[in-house]
Amino acid sequence: EAWTDSLTGIGNRKMFDGTLRSEAAAAMEAGEDLCLLMLDIDFFKKFNDTHGHQIGDQVLKLLAATLIENIKGNDTAARYGGEEFTVILPKTALSSATQVAETIRQRLAKKSIINRRTGKHLGSITLSIGVAQFEFGEPLTQWISRADAALYSAKNRGRNRVVAATSTGQPEHALGA
């Protein structure tokens, strides 16, 4: 329970922090790729303000379920905070991680949000996603910052897209809308 987000049922920030440390150590020891996705729901505050926090909570649960449906066994999804989520992808190169992110983005965008009580169609939800590959020996805070910078680049490029970061932190390429 201490490592699980009570709303979404996936890992929480504490679990993310511990898993990130252990996966980075394992990747360096084995010389294997490791990637991180930082995901943020586009315009979530506006959605919450318009439709209410109970429906917003359902959207957070939908995103968590979409993450679980689209990652493999050793991958770790976690709620980082608010409407921001992460996925840790061991043994995954940047190009593959970018494709996983694009699949998640597309699959969530295809889902219709419906108010179960009224039956009213509320539209769809989109994601901006930043992707960064771990550089052996870099501080974990720097790696997270590179993924976060790629996420904000996705938002600045119009949202509803995936942006991968280079090792220098500059956005590399974008996929999406």
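- Scanning for side-chain contact (heavy atoms from CB on, under 4.5 Å) contacts around Ala147 gives Leu36, Met38, Ala132, with sequence neighbours left out.
- The pair Lys91-Asp33 fails the salt-bridge criterion, with no side-chain N (NZ, NE, NH1 or NH2) lying under 4.0 Å from an Asp/Glu carboxylate O.
- Rounding to the nearest 0.5 Å gives a distance of 14.0 Å between CZ of Arg107 and CG of Leu63.
- Counting only heavy atoms from C-beta outward, the side chains of Leu127 and Ile104 approach each other to under 4.5 Å.
- Between Lys45 and Asp49 a salt bridge is recorded (basic side-chain N to carboxylate O distance below 4.0 Å).
- Leu34 is not listed as a side-chain neighbour of Thr92, based on a closest heavy-atom distance of 4.5 Å or more.
- Among pairs with a residue in residues 99-137, those fulfilling ring-ring contact (aromatic ring centres under 6.0 Å, His included) read Phe134-Trp143, at least two apart in sequence or across chains.
- In this view, Gln106 and Glu102 satisfy the side-chain contact (heavy atoms from CB on, under 4.5 Å) rule, not counting sequence neighbours.
- Applying the side-chain contact (heavy atoms from CB on, under 4.5 Å) test to Asp17 and every residue at least two apart in sequence or in another chain returns Arg13, Arg21.
- Lys111 is linked by a side chain to side chain donor-acceptor pair (under 3.5 Å) to Thr66, Glu69, counting only residues two or more places apart in sequence or in another chain.
- Of the inter-residue distances, the one linking Ile55 atom CD1 with Leu60 atom CG reads 12.5 Å to the nearest 0.5 angstrom.
- Screening residues 57-97 for ring-ring contact (aromatic ring centres under 6.0 Å, His included) gives Phe16-Tyr80 as the qualifying pairs, with residues at least two apart or on separate chains.
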